[in-house]
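Taking it in order: structure first as structure tokens, then the write-up.
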Amino acid sequence: MKILIALLTVVILGSCATKVPYTTKIRSEFDLTPEKLKKVQFYTSEIIILERSDKQSKVATTSESGELVTSERSTSERIVIPANRPCVFEQMEDDGTVQIRFEMGDGRVLRFAERQNISNGRFYLVAQWANGKGELDYGGSVYFAVRQSASAYLMVNLKNWKKNQRKERVGKGMKI
């Protein structure tokens, strides 16, 4: 038993996965080509809310009483993509913008790219921002991302593997 303790070797493999922003530095460090990106699990940093509404109003006269009648029809749609929602790479555009898919369907992708005025290399949601709303195309329809969605960027899991080797033995001691 003492020999067993004397020869004890402990190998600990530790892996800690943490979500980090997807950046150009990570893309180049891991040499992430479009083929490799299809195997990477992406996540959103913030909630993304897309809204769309169509309002149509019609004015008509009634033939019986001659009154003007206003009828209004309104439809609205809201898509919520929670923070830390898993998503997948769909395609990379020529300028480096990535298309990310959250659900199946034609054109149901969001675009993420680096912002020219920010030097952290993160890939933020792409939209035409004006008056606190970002206009974008999703599934062939025009949606407006709410102000809070402007700070949403892509994240990936990064695992750090460490291999520690430790030897331990018990000294026998000495007698006179």
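No hydrogens, no waters, no symmetry mates; every other heavy atom, side chains included, goes into these values.
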Any side-chain donor-acceptor pair under 3.5 Å between Glu46 and Gln148?
no
Side-chain donor-acceptor pairs under 3.5 Å in residues 116-136, sequence neighbours left out?
residue, atom, partner, partner atom, Å
Asn120, OD1, Arg122, N, 3.0
Asn120, ND2, Tyr124, OH, 3.1

Considering only NZ, NE, NH1 and NH2 on the basic side and carboxylate oxygens on the acidic side, decide whether Lys38 and Glu90 come within less than 4.0 Å.
no
Start with the C-alpha distance between Gln91 and Val98, add both sets of side-chain angles, then the distance that settles side chain to side chain contact (heavy atoms under 4.5 Å, CB included), and finish with yes or no.
CA-CA 6 Å; Gln91 178 181 340; Val98 293; over 6 Å; no
Side chain proximity check, Asp31 to Lys36, heavy atoms < 4.5 angstrom
yes
Tyr138 and Glu103: side-chain donor and acceptor closer than 3.5 Å?
yes
Mind listing the closest non-hydrogen atom pair of Ile49 and Ser149 along with its distance?
N-OG, 2.9 Å
Would you say Val80 ends up clustered with Tyr143 if hydrophobic residues are merged whenever their side chains have heavy atoms under 4.5 Å apart, either directly or through other cluster members?
no
Do Val109 and Ile81 share a hydrophobic cluster (ILVMFWY, side-chain heavy atoms under 4.5 Å, transitive)?
no
Connected via hydrophobic side-chain network under 4.5 Å: Leu32 and Val88
no
Would you say Lys159's side chain and Thr18's backbone share a donor-acceptor pair under 3.5 angstrom?
no
Checking the side chain of Ser45 only, and the main-chain atoms of Tyr153 only, is there a donor and an acceptor separated by less than 3.5 Å?
yes
Tyr22 and Phe42: aromatic ring centres closer than 6.0 Å?
yes
Please report the shortest heavy-atom distance between Asn84 and Met155, naming the atom on each side.
OD1-CE, 3.2 Å
Roughly how far apart are Glu77 CD and Ser53 OG, rounded to 0.5 Å?
10.5 Å
Can you get from Val40 to Phe102 by hopping between Ile, Leu, Val, Met, Phe, Trp and Tyr side chains that sit under 4.5 Å apart?
yes
Which residues pass the side chain to side chain contact (heavy atoms under 4.5 Å, CB included) test with Pro82, sequence neighbours left out?
Arg85
At what distance, to the nearest 0.5 angstrom, does CG of Leu37 lie from CD of Gln99?
12.5 Å
Nearest 0.5 Å please: distance from the OG1 atom of Thr23 over to the CG atom of Leu154.
11.0 Å
Starting from Met92, can I reach Leu110 by hopping between I/L/V/M/F/W/Y residues whose side chains sit under 4.5 Å apart?
yes
Pairwise distance CZ(Arg78) to CD(Glu51) - rounded to 0.5 angstrom:
5.0 Å
To check you understand the geometry: which heavy-atom pair defines the closest contact between Pro86 and Gln41, and what is its length?
CB-NE2, 3.3 Å
Is there a side-chain contact between Phe112 and Thr97, using heavy atoms and a 4.5 Å cut-off?
no
Is any side-chain N of the basic residue among Arg108 and Asp106 closer than 4.0 Å to the acidic one's carboxylate O?
no
For Phe89, all residues meeting ring-ring contact (aromatic ring centres under 6.0 Å, His included), sequence neighbours excluded:
none
